[in-house]
Amino acid sequence: MTIDNQPDTRLHDVHLPAGADTVQLLTPEGVRTSDVRFDAWVADIGPEQLLDLYEDMVVIRRIDAEATALQRQGELGLWPPLLGQEASQIGSGRALRHDDFVFSSYREHGVAYCRGAGLVDLLRVWRGTTQSGWNPYDINMATPQVIIGAQTLHATGYAIGIQADGTDAASIAYFGDGATSEGDVNEALIFAATYAAPVIFFCQNNQYAISEPVALQAQRPIAERAPGFGVPSVRVDGNDVLAVMAVTRSALDRARTGGGPTFIEAVTYRMGPHTTADDPTRYRDPAELDQWRGKDPIARVEAHLAAAGMLTEDRLAAIQEHADAVAVEMRRGVVALQDPDPLTVFDNVYAEPHTGLARERDHYSRYLRTFVGGDR
């Protein structure tokens, strides 16, 4: 599955998703294409199944839009939008089994949705009412990692643990293009290759590491880096939900059958800001944004389903109604969240009582009492 003979792309070309070696099964116009390497991995995905994936993407985009609105209205402290990356997250998330374990960055809301995270749980940490949104073992997904790239080491360690347990589960680490310059990612690749760990490295190349374009750190496709560590890689159109599912299923099968790790570069685009604290108009050409709108992951599936007669006006309206209802439910739950007692910040820091922590808690308690009403 290693990609060989990549075109000699230079700085300006690596910023683009298309290429002879980029796996694509659904064009931006919604035309189904064929790839003999991966067609069999999605042979079970007919129009009805593709419609389900389409609905997932519509719902998670609506969730993302509502969360962005909540932040703008002062209900959330911050929000990292996923707009434009729905296919990468839904296509890969729906390929996973329940016993697989996910280690993500802070933008994989779509993956968390696929894993069964509660709607309010997606936003708790961004409202500042908790230090994590869910119990990782309830949905087999760690809470989002903010330290860039650290989750790749966690995923690799977990995968080595899977080997010790003797099961055929796998772990998957999600990270962005910028994270590939971090030492953690490179160290994780070394360990994964050395121990043939059943882990998937899923890089969402959304073209920007905050405000810096990917071309500043990658003069060749990012997928080319992994083979140097002994990890097979594949580059996929990250805006093609069908292709993403196919390559992820293939990588998972490799992991389950003793083949070791796989690196997936899903070439997509961050349509919105890095976070709601960011202003992408300061560093991004509007023409570039327009170009990528033509590759929209939802629009291409919609075009394909419409051409197949599967997306009637009634069905489209029902899907949108469902997405709106989800957004209403999420908003209602988030706004109703109560601020926690300030001293709960010390809860669950250590598994056992800790004298140093108890001392800090006492100091903080006495500090709070210096404010009017602090004794309450």
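Scored by the side-chain contact (heavy atoms from CB on, under 4.5 Å) test, Tyr367 finds Tyr364, Thr370, Phe371 as partners (sequence neighbours excluded). Partners of Ile148 according to the side-chain contact (heavy atoms from CB on, under 4.5 Å) rule, which considers only residues two or more places apart in sequence or in another chain, are Tyr106, Ala179, Glu182. In terms of the salt bridge (charged side-chain N to carboxylate O under 4.0 Å, His left out) criterion, residue partners of Arg366 (sequence neighbours excluded) are, by chain and number, Asp362. Leu153 pairs by the side-chain contact (heavy atoms from CB on, under 4.5 Å) definition with Asp184, Glu187, Ala188, not counting sequence neighbours. Shown here are the side chain to side chain donor-acceptor pair (under 3.5 Å) partners of Gln217, two or more places apart in sequence or in another chain: Ser181. Residues satisfying the side chain to side chain donor-acceptor pair (under 3.5 Å) criterion with Thr152, sequence neighbours excluded, are absent altogether. Judged as a side chain to side chain donor-acceptor pair (under 3.5 Å), and not counting sequence neighbours, Asn140 has no contacts. In terms of the side-chain contact (heavy atoms from CB on, under 4.5 Å) criterion, residue partners of Asp138 (sequence neighbours excluded) are, by chain and number, Asn135. Among residues two or more places apart in sequence or in another chain, the salt bridge (charged side-chain N to carboxylate O under 4.0 Å, His left out) test is passed with Asp99 by Arg97.
When each of Arg332, Met330, Arg331 is tested with Val334 by the rule side-chain contact (heavy atoms from CB on, under 4.5 Å), just one qualifies, namely Met330.
Evaluation of the side-chain hydrogen bond (donor to acceptor under 3.5 Å, both in side chains) test over residues 347-360, restricted to residues two or more places apart or in two chains, returns none. Sorted by first then second residue, the salt bridge (Lys or Arg N to Asp or Glu O under 4.0 Å) pairs that include residues 190-212, not counting sequence neighbours, number zero.
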Donor-acceptor pairs under 3.5 angstrom involving side-chain atoms of residues 300-317: please list them, not counting sequence neighbours.
residue, atom, partner, partner atom, Å
Arg300, NE, Asn239, O, 3.2
Arg300, NH1, Leu26, O, 2.8
Arg300, NH1, Asp237, OD2, 2.9
Arg300, NH2, Lys295, O, 3.0
Glu302, OE1, Tyr54, OH, 2.7
His304, ND1, Gly30, O, 2.9
Thr312, OG1, Arg315, N, 3.2

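A donor-acceptor pair under 3.5 Å is absent between the side-chain atoms of Glu86 and the main chain of Met57, judged by distance alone. Distance alone, capped at 3.5 Å, places no donor-acceptor pair between the Arg61 side chain and the Ile298 backbone. Glu75 places no side-chain N or O within 3.5 Å of a backbone atom of Leu70 that could act as its donor or acceptor partner. A donor-acceptor distance shorter than 3.5 angstrom exists from the side chain of Gln207 to the backbone of Asn205, with no hydrogens or angles considered.
If you look at Phe175 and Phe202, their ring centroids are not closer than 6.0 Å. Between Tyr208 and Tyr283, the distance separating the two ring centers is shorter than 6.0 angstrom.
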Given salt bridge (Lys or Arg N to Asp or Glu O under 4.0 Å), test Asp21 with Arg235 step by step and report yes or no.
CA-CA 7 Å; Asp21 296 306; Arg235 200 174 199 230; over 6 Å; no

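Looking at Asp100 and Arg256, a side-chain N of the basic residue comes within less than 4.0 Å of a carboxylate O on the acidic one, giving a salt bridge.
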